[in-house]
Colleague: 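Okay, handing you the structure first.
Nothing here was measured: the structure is a model prediction, and the numbers come from that model.
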Amino acid sequence: MPKRGTKRSINKNDQQENQASKRRTTRSSTRKTDSIAESSSQSSPRRSSTTANNKRRQKSPVEVVDDSRRSTNEVDSNSRIKKQKGKQLAHNQSDLAEEFMEAEEHDAKGLLEEDPQQLNLSSAVVTDEDEDDDEEDSDMDDSIDWEDVQVPDTIDTSIEETDLPATQGEPQYKDVEVVFEAPRAVLKKSKWQNEYDRNLREAIHHTHVMFLIGHFMIRNRWCASKEVQAVCLSVIPDHIQKQCEKKNESEKSFEKSVKWLMTWWKEYFTLVGTGLRTRAYKEYDFLNNVDLIKDDNSIKELLEKRDMLDGEEIQTATDFVDKLVSKEGFRDTSAELFVAILRALSFDTRLVCSLQPVPYRIPSAKQAQPSSQKTEDTPEGPNEKPRFPIRGPRIKLESDPTTVDQELKAPNAKPPTVWAEVYNPYTEQWICVDPIRGSYNKRKSMQPGTGDRRNIMSIVLAFSNDQDGCIDVTRRYAANMAKSLRLREKELTKREKEGGFKSWWEGLYNVIQRKKWGRREIQEQDELEKLNSREPMPTSMGEFKNHPLYALERHLKKFEVLVSKDQVLGHIRGEAIYPRSSVKTVHTPETWMKQGRVIKDGEQPVKHVNARAVTMEKRRAQELAKQEGETLKVACYGEWQTEAYRPSPVVDGIVPKNAFGRVDLFTPEMLPPGAAHIPINGIAKIARKLGINYAEATVDFEFVKRRSVPVSLGIVVAKENEQMLLEAWEEHEHTESTKAIKKQEKEVYGRWRKLILGTVIKARLERDYGNGTTFSTATTTVSSAIPETEPKTKTTTDHHNETQWRPPTNKQQPQHDRRDISNGGFMPDDDFPAAGGFLPDEEDD
């Protein structure tokens, strides 16, 4: 085998190709993987020599193989090797290139050993520059660790040979590009956005509740109409009317009359639909792009296509009566007409409705996340059916009215949202009457199932015949009143409760509730309170949270404790159940002080909680405790450990003060005996001038720049000095107001003087240098702007004419001069070479 320093025949193009091949082989050798190492360890390596020259010869056969004087048999052998290496290229491109080079080296070695004379080594001489390049390449090759790989004997001829460019003899391999689609970043909503969505949902929920109340108030007025009741009497059979006339004879006759009436009505009226139902907030997202004012008809069509048009559109009482004559309608309309029939037969009846507003709660992330579906751009497999990401509106199928009527009137059907209540004079109670399913006095059957998302019992109102408001009867029908209250509205926070805020429903109910309260209404409220106390115990852990009657120790809040753990009502999953009356609220001494109470002597705190580092002082204390490895705690006391604050009395007109020279007056009871509170800011300076002893009243604290700043309102003085100080304050206010009025008048006169002088000056300039037409207008404006005080006499007018200001009379100027300056008081540059300015008086000079 020839050594690297011998002379050989090589052209200039071969040198460039050899250098490029060396660089590629060097790069591919650095990317060898463990798979080639394993294959090389299992095969029998072919090593030509262990010397450094043989290492350098592992790249030199490339130069020989690329020689143009190759025989045909050598080309065929090399092509088969290329095909075999093409198959392995799909697995690892870099390792395959290395194997290809070593296989060609082996073939070249055999060729040189068989016929070394085939190479003409005397045609050219390697220059010094080539020798230097070879030496540099050899140094680079010495730093590379080579491994020998055995070439498999079997060759797969089914693999197509890689296309070779016409200009180069080297194989060109196509790169394999793998594209991974990065998951889209889920942007979390900001706190402001979440708060905005929460407030928007609450506003929509509240608005929907008020609209529903107004809707049922209108229906109740139709049921109480004499005209509607007259039409109802005309359709009632005679035998039922005769039975209803006997309702006052006994309790059995009363019940029999109502039951006969329900049986007849169930057969008389046919149901064709349900009525109002609860719809999720997400179901109305398609209305975001619809103009709710202009496209009123299109909204109804969209709701009807999606089967979301709940209830019937009845605009007048005449349309309401037409439903009675046609003998068919929705379930809500059937119950409302039955109320009108009961009232027509002189039954004391109320219209009861369970409102179904849009919920205000935001669903959880799992419920809000839609199911994974393919988008339109996602490629589909050959055997895969196409999927559509957007589902069209559900087609409303025309169901058989007879089937719908039977399903809704079945005894085990879902409870309705509208029914009636009849007052039983014998038991003095309101009886639940369901004309849809024909149930009498079965209030528990009106409670919907826990899995029914279309009927949620949160607000149940009863409307009387006299149309005097309504009464909240949710407690009578709801099995879990605590859950109904949570679904009704958001619970107030602790700060809102301490600030005296009232819930939204409490404010609304004070407006719509019944105004006339008698013995019957008071008795009903007592009955509802008893039902509240006899509420069954919850069966799940979550229902115990904020329950009005029962509590678990795990659900205690930060400032709540159990007074007595002996009153155990039961156990759930090994945890004791306590009555809500055993849970008491505790506060810090500062909080009790704001409520006008102080801690008794010798009392020990019942609970320690982590302190809130709101002020700088608390933060320093928290840092010191953290350095010592402890947590800053604050002691809490119960109300039974406190007593009312008793301030010191006023002695000899001296008001008692605290360490800061103030009087703590968080509640009216904290006023010292013999003192008076004057809630007027700024009155302290009057007391100081009069020499009256006083103290500023601290009514609250506010946090400003991490500091607790007291809020003052007026002063506290002795009782005997109150009247004198108030009189002095009134005199001071009168004096100050007089000064303010005089100051304002002075400013007004000054502005008028400025306006008049400006107008007079303008009029003089127009008269002297203008055409004289604007002067009269300006004079009229000034005269009209000055108010007339009293009519002037002749003597006053003459005196005014004699003493009024007159401008200096200029001598008569030439006619052309008067014409040239008629457009203003400045001299035109065309007629006079002077560079502008006022007209000079040449005659005087």
Side-chain angles (χ1 to χ4, degrees), residues 202 205-206 209 212-213 216 278 350 352-357 359-361 414-419 421 429-432 434 441-463 469-493 496-497 502-510 512-514 521-552 554-557 560 569-570 572 577-583 585:
E202 291 181 3
H205 171 76
H206 297 164
V209 169
L212 290 175
I213 293 174
F216 285 109
T278 298
R350 295 194 306 194
V352 183
C353 56
S354 176
L355 306 183
Q356 305 296 319
Y360 71 91
R361 289 187 172 183
K414 293 183 179 181
T417 58
V418 181
W419 62 91
E421 277 186 353
Q429 293 179 349
W430 289 96
I431 307 300
C432 173
D434 183 8
N441 198 15
K442 295 181 181 180
R443 58 182 181 85
K444 292 184 179 180
S445 64
M446 310 308 296
Q447 171 68 29
T450 55
D452 192 357
R453 299 297 181 184
R454 297 301 182 187
N455 187 358
I456 298 177
M457 185 171 287
S458 58
I459 303 174
V460 182
L461 301 177
F463 296 87
C470 58
I471 295 178
D472 186 6
V473 292
T474 311
R475 173 65 273 170
R476 179 175 294 150
Y477 299 98
N480 190 351
M481 188 60 185
K483 181 180 179 180
S484 299
L485 294 177
R486 290 195 301 269
L487 295 174
R488 182 178 296 180
E489 64 174 338
K490 185 182 68 175
E491 185 182 3
L492 294 177
T493 61
E496 291 174 345
K497 292 178 180 178
K502 293 184 179 180
S503 63
W504 172 82
W505 172 252
E506 185 178 354
L508 177 63
Y509 186 64
N510 290 335
I512 64 175
Q513 70 176 347
R514 186 176 178 83
E521 287 74 20
I522 296 175
Q523 185 178 356
E524 183 181 11
Q525 289 298 319
D526 296 340
E527 178 186 355
L528 295 177
E529 292 295 335
K530 292 179 181 179
L531 290 175
N532 193 17
S533 60
R534 293 197 301 266
E535 183 177 355
M537 188 176 295
T539 57
S540 62
M541 303 289 286
E543 294 179 356
F544 280 97
K545 189 174 183 179
N546 297 329
H547 197 276
L549 300 178
Y550 310 101
L552 298 178
R554 65 164 62 188
H555 293 152
L556 293 180
K557 297 180 181 179
E560 289 182 349
L569 302 179
I572 178 172
I577 302 174
Y578 302 96
R580 179 60 63 176
S581 58
S582 299
V583 179
T585 304

Colleague: Side chains of V473 and E524, heavy atoms from C-beta outward: is any pair under 4.5 Å?
Modeller: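 Yes; the side chains approach each other to less than 4.5 Å.
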Colleague: Looking at I577, I572, L549, which one forms a side-chain contact (heavy atoms from CB on, under 4.5 Å) with M537?
Modeller: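 Going through I577, I572, L549 one by one, the side-chain contact (heavy atoms from CB on, under 4.5 Å) with M537 is satisfied by I577 alone.
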Colleague: Taking the side chain as every heavy atom from C-beta outward, state whether T417 and R454 have any atom pair closer than 4.5 Å.
Modeller: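 Answer no - side chains too far apart.
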Colleague: Taking only residues two or more places apart in sequence, or in another chain, which ones meet T278 in a side chain to side chain donor-acceptor pair (under 3.5 Å)?
Modeller: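 With neighbours one apart ignored, the set is Q356.
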Colleague: Listed by chain and number, what are the side chain to side chain donor-acceptor pair (under 3.5 Å) partners of T585, not counting sequence neighbours?
Modeller: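 Side chain to side chain donor-acceptor pair (under 3.5 Å) check on T585 returns nothing, list empty.
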Colleague: Show the nearest heavy-atom pair for residues L569 and Y578, with the distance to one decimal.
Modeller: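 Distance-wise, the nearest heavy atoms are CD1-C, 4.2 Å.
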Colleague: So which heavy atom on F463 is nearest to which on I213, and how close?
Modeller: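 Looks like CZ-O, 4.3 Å.
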Colleague: I'd like to check the side chain to side chain donor-acceptor pair (under 3.5 Å) partners of S503; sequence neighbours left out, ordered by chain and number.
Modeller: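 In terms of side chain to side chain donor-acceptor pair (under 3.5 Å), with neighbours along the sequence ignored, S503 is linked to E489.
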Colleague: Under a 3.5 Å distance rule, please check whether E543 uses its side chain to pair with a backbone N or O of P538 as donor and acceptor.
Modeller: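 Flag not set: sc E543 to bb P538 has no pair under 3.5 Å.
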Colleague: Any side-chain heavy atom of R476 sitting closer than 4.5 Å to one from V460?
Modeller: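 R476 vs V460: side chains apart.
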Colleague: Starting from the C-alpha separation in whole Å, work towards a yes-or-no answer on side chain to side chain contact (heavy atoms under 4.5 Å, CB included) for R350 and I471.
Modeller: CA-CA 10 Å; R350 295 194 306 194; I471 295 178; 3.6 Å; yes
Colleague: To the closest 0.5 Å, what do you measure between CG (N441) and CD (Q429)?
Modeller: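 Answer rounded to 0.5 Å: 7.5 Å.
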Colleague: Roughly how far, to the nearest 0.5 Å, is NZ of K442 from CG of D434?
Modeller: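 Output value for this atom pair is 10.0 Å.
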Colleague: What residues, two or more places apart in sequence or in another chain, satisfy salt bridge (charged side-chain N to carboxylate O under 4.0 Å, His left out) together with R514?
Modeller: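 For R514 the salt bridge (charged side-chain N to carboxylate O under 4.0 Å, His left out) partners, ignoring immediate neighbours, are D466, E521.
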Colleague: Hey, could you give me the CG/CD distance between L531 and E527, rounded to the nearest 0.5 Å?
Modeller: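 So the CG of L531 and the CD of E527 are separated by 5.5 Å.
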Colleague: Considering residues at least two apart in sequence or located in another chain, which fulfil the side chain to side chain donor-acceptor pair (under 3.5 Å) criterion with R443?
Modeller: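 In terms of side chain to side chain donor-acceptor pair (under 3.5 Å), with neighbours along the sequence ignored, R443 is linked to no residue.
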Colleague: What are the two closest non-hydrogen atoms of N455 and P415, and how far apart are they?
Modeller: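 The pair with the smallest heavy-atom distance is ND2-O, 3.3 Å.
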Colleague: Please name all residues satisfying side chain to side chain contact (heavy atoms under 4.5 Å, CB included) with Y360, sequence neighbours left out, ordered by chain then number.
Modeller: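 With neighbours one apart ignored, the set is E202, H205, K490.
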Colleague: Let me see the working for S354 and Y477 under side chain to side chain contact (heavy atoms under 4.5 Å, CB included), right down to the final yes or no.
Modeller: CA-CA 10 Å; S354 176; Y477 299 98; over 6 Å; no
Colleague: Tell me every residue that passes ring pair (Phe, Tyr, Trp, His ring centres under 6.0 Å) with F216, counting only those two or more places apart in sequence or in another chain.
Modeller: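 Partners of F216 by the ring pair (Phe, Tyr, Trp, His ring centres under 6.0 Å) criterion come out as none, since no residue qualifies.
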Colleague: Please examine the side chains of R554 and M541, heavy atoms only from C-beta on, and report whether any two atoms are closer than 4.5 Å.
Modeller: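 Counting from C-beta outward, M541 and R554 do come under 4.5 Å.
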Colleague: Taking only residues two or more places apart in sequence or in another chain, which ones pass ring pair (Phe, Tyr, Trp, His ring centres under 6.0 Å) with H555?
Modeller: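 Checked H555 against ring pair (Phe, Tyr, Trp, His ring centres under 6.0 Å); zero matches.
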Colleague: Minimum heavy-atom separation for F544 and R580, please, with both atom names.
Modeller: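 Scanning both residues, the minimum pair turns out to be O-NH2, 3.8 Å.
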Colleague: Restricting to non-hydrogen atoms, name the atom on M457 and the atom on S484 that form the minimum distance, rounded to 0.1 Å.
Modeller: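 In this case the closest contact between M457 and S484 is O-OG, 3.0 Å.
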Colleague: Quick check: do T474 and R488 have side-chain heavy atoms less than 4.5 Å from each other?
Modeller: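 They are in side-chain contact.
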Colleague: So, using side chain to side chain contact (heavy atoms under 4.5 Å, CB included) as the criterion, who are the partners of K483 when residues are at least two apart?
Modeller: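 Scan of K483 (side chain to side chain contact (heavy atoms under 4.5 Å, CB included), adjacent residues dropped) gives N480, R486, L487.
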Colleague: What residues, two or more places apart in sequence or in another chain, satisfy side chain to side chain contact (heavy atoms under 4.5 Å, CB included) together with D526?
Modeller: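 Partners of D526 under the side chain to side chain contact (heavy atoms under 4.5 Å, CB included) test: I522.
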Colleague: Return the minimal non-hydrogen interatomic distance between W505 and D472, and the atom names on each side.
Modeller: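 Between these two residues, the closest heavy atoms are NE1-OD2, 3.8 Å.
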Colleague: Take I459 and Y509 through the side chain to side chain contact (heavy atoms under 4.5 Å, CB included) test and state the conclusion after the steps.
Modeller: CA-CA 11 Å; I459 303 174; Y509 186 64; over 6 Å; no
Colleague: Applying side chain to side chain contact (heavy atoms under 4.5 Å, CB included), name anything that partners K502, two or more places apart in sequence or on another chain.
Modeller: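 Partners of K502 under the side chain to side chain contact (heavy atoms under 4.5 Å, CB included) test: E506.
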Colleague: Holding to salt bridge (charged side-chain N to carboxylate O under 4.0 Å, His left out), I want the full list of residues that pass it with E560, two or more places apart in sequence or in another chain.
Modeller: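 For E560, no residue satisfies salt bridge (charged side-chain N to carboxylate O under 4.0 Å, His left out) once neighbours in sequence are set aside.
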